[in-house]
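Side-chain atoms are counted along with the backbone in the values below, which use heavy atoms only and exclude waters and symmetry mates.
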Amino acid sequence: MTCKAFIKHTVMAASVAIGIGLSGAVMAQEHSFKMATGWGGGPLMDIGAKAFAEKVAEMSNGRIEIEVFPAGTLGPGLKVSETVQQGVAQMGHTWVGYDWGIDATAVLFGGFAGSFDSERMLHWLYRDGGAELQAQWRDEVFNLVSMPLFIRTSEVFLHSRKPVRTLEDLQGLKLRTAGAWLEISQGMGAAPVTMPGGDVYPALERGTIDATEWGTLWENMSPGFHRVTKYVVIPGVHQPTAPFELVINKDAWNELSEADQALIKDAAFMTTMNSWLTIGQEDAKALEFFRAQGNEIIELDEEVQFNAREAGLKWAEEKAADNAWFRKVLDSQKAFAELWSDASKYRNVKTRD
């Protein structure tokens, strides 16, 4: 090799090495984010927000750090999306239905009395375009990045100081709820109010409200509602499913490389699937806990269950009449429901119980 050729070869090798080094530096970029949440603790925090932050740290080898804050620390628990919009937090974990007052479409992504169950919701979100619709809607209406993060099975209908079995029992009942059920239950004769999760226990204890819905059987063990109510009313006709949401400030999202954006999506998916499996298993054990605490388990009369779903579907059609986004999402869910209409015939085997 001549001297000239040697110099040329050395320069090229150095350039390649510098390029690789720069590429590695980009890939190794570190990020530190704050996450606002709507929760003070419990499964939503432990296997939701915190589990997601831990999964991201693990998958990024510690390059991406997410500090999780309880409700009220960075902003109001019911206004997490606003806290993230304003850049007070770069990320947020919330129930999308809290924003139904801005756009009622929110409840279609968060679940309402007319929704299908959680297994079908997961299929719609991840295999039938639901998550993409959610991302488009949040981007267009709220200027936020959005994806599912955590999902519940059907909730407990009520932890109640009074027995509730029939439509008559609902009349005038002061219950804490959120989202579409505020309007739907009022139409069925109840007296609903909304409040952050941290205010529910003292309101029940003082008798300010008669009953509350919150989460699933297992999730409702940690708030201690069984200590201030006597009755556990099932099933959760108001909320057959409840997907939760990760919202991200767009400036923060754009700081991430495409690879890190994909990492965030993968971590959110894994956290969501784990939450569904964990809650399903723990719910199966929880009824015995409430019985042991002296609570009475009440199953709603069929007429209440039928009426709640019918009222939910009627409410949805009314909202869709003058809301283009609501109509678009509702039609997508109706098409999915039609596609799955025969599923019970080929998925469920009849048994002699």
Those residues that, when tested against Glu282, pass side-chain hydrogen bond (donor to acceptor under 3.5 Å, both in side chains) (two or more places apart):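 With sequence neighbours excluded, Glu282 shows a side-chain hydrogen bond (donor to acceptor under 3.5 Å, both in side chains) to Lys285, given in chain and number order.
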Whether the [X] and [Y] side chains hold a donor-acceptor pair (N or O, under 3.5 Å, no angle test) is what I'd like checked.
X      : Y      : result
Thr153 : Asp283 : yes
Asn220 : His159 : yes
Glu245 : Thr94  : no
Glu140 : Trp325 : yes
Asn143 : Lys250 : yes

Heavy-atom side-chain proximity of [X] to [Y] below 4.5 angstrom:
X      : Y      : answer
Ile298 : Phe157 : no
Phe225 : Leu204 : yes
Trp214 : Glu155 : no
Val228 : Tyr201 : yes
Gln29  : Leu256 : no
Leu158 : Thr212 : no
Leu173 : Lys162 : yes
Trp137 : Val329 : no

Minimum heavy-atom distance between [X] and [Y], given as atom pair plus value:
X      : Y      : result
Ser118 : Ser154 : OG-N, 4.5 Å
Thr271 : Phe52  : OG1-CA, 3.6 Å
Ala252 : Phe33  : CB-CE2, 4.0 Å
Arg309 : Gly114 : NH1-O, 3.2 Å
Ala180 : Trp315 : CB-CH2, 3.5 Å
Gly172 : Ala191 : O-CB, 4.0 Å

Criterion salt bridge (Lys or Arg N to Asp or Glu O under 4.0 Å) on Lys334 and Glu338, from CA distance to verdict: CA-CA 6 Å; Lys334 289 169 69 175; Glu338 178 61 27; over 6 Å; no
[X] with [Y], same ILVMFWY side-chain cluster at under 4.5 Å:
X      : Y      : result
Tyr126 : Trp276 : yes
Val156 : Val304 : no
Trp95  : Val237 : no
Ile64  : Met59  : yes
Leu339 : Leu133 : yes

About how many Å separate [atom2] of [Y] and [atom1] of [X], when rounded to the nearest 0.5 Å?
X      : Y      : atom1 : atom2 : result
Tyr231 : Asp210 : OH    : CG    : 12.5 Å
Leu175 : His238 : CG    : NE2   : 9.0 Å
Trp124 : Ser332 : CH2   : OG    : 5.0 Å
Lys328 : Leu108 : NZ    : CG    : 13.0 Å
Asp99  : Phe109 : CG    : CZ    : 12.0 Å

Verdict with supporting geometry, Ser185 and Leu170, side chain to side chain contact (heavy atoms under 4.5 Å, CB included): CA-CA 8 Å; Ser185 64; Leu170 274 178; over 6 Å; no
Quick one: does any side-chain atom of [X] pair with a main-chain N or O of [Y] as donor and acceptor, under 3.5 Å?
X      : Y      : value
Gln239 : Gly111 : yes
Asp117 : Pro240 : no
Arg120 : Ala337 : no
Arg161 : Lys230 : no
Thr73  : Pro70  : yes
Gln85  : Phe142 : yes
Thr272 : Phe150 : yes
Gln90  : Asn249 : no
Asp301 : Glu303 : no
Asn295 : Arg291 : no

Distance flag, aromatic centroids of Phe112 and Trp100, threshold under 6.0 Å: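 Aromatic pair excluded; centres sit 6.0 Å or further apart.
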Close aromatic pair by centroid cut-off 6.0 Å: Phe336 and Phe116: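 Judged by ring-centre distance (under 6.0 Å), Phe336 and Phe116 do meet the cut-off.
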Show the atom names and distances, to 0.1 Å, of all donor-acceptor pairs under 3.5 Å that link a side chain in residues 35-47 to residues at least two apart or in another chain.
from, atom 1, to, atom 2, distance (Å)
Thr37, OG1, Trp39, N, 3.3
Thr37, OG1, Trp39, O, 3.2
Thr37, OG1, Phe69, O, 2.8
Trp39, NE1, His93, ND1, 3.0

Glu317 vs Leu330, side chain to side chain contact (heavy atoms under 4.5 Å, CB included): CA-CA, chis, key distance, verdict: CA-CA 8 Å; Glu317 288 296 339; Leu330 182 62; 3.8 Å; yes
Verdict with reasoning, Arg138 to Asp103, per salt bridge (Lys or Arg N to Asp or Glu O under 4.0 Å): CA-CA 10 Å; Arg138 270 297 197 190; Asp103 184 349; over 6 Å; no
Working for salt bridge (Lys or Arg N to Asp or Glu O under 4.0 Å), residues Asp322 and Arg327: CA-CA 8 Å; Asp322 58 0; Arg327 170 54 64 192; over 6 Å; no
Candidates Thr216, Leu217, Ile151 - the one meeting side-chain contact (heavy atoms from CB on, under 4.5 Å) with Ile279: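 It is Thr216; the other options fail the test.
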Ile209 and Val193: CA distance, side-chain angles, deciding distance, side chain to side chain contact (heavy atoms under 4.5 Å, CB included) verdict: CA-CA 9 Å; Ile209 56 175; Val193 297; 3.9 Å; yes
Residues Asp266, Lys55: salt bridge by 4.0 Å N-O rule: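 Result for this pair is no, no salt bridge flagged.
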Candidate pair Glu65 and Lys34, rule salt bridge (Lys or Arg N to Asp or Glu O under 4.0 Å), full reasoning: CA-CA 9 Å; Glu65 179 182 312; Lys34 294 178 181 178; over 6 Å; no
Working for side chain to side chain contact (heavy atoms under 4.5 Å, CB included), residues Asp139 and Val145: CA-CA 6 Å; Asp139 182 27; Val145 174; over 6 Å; no
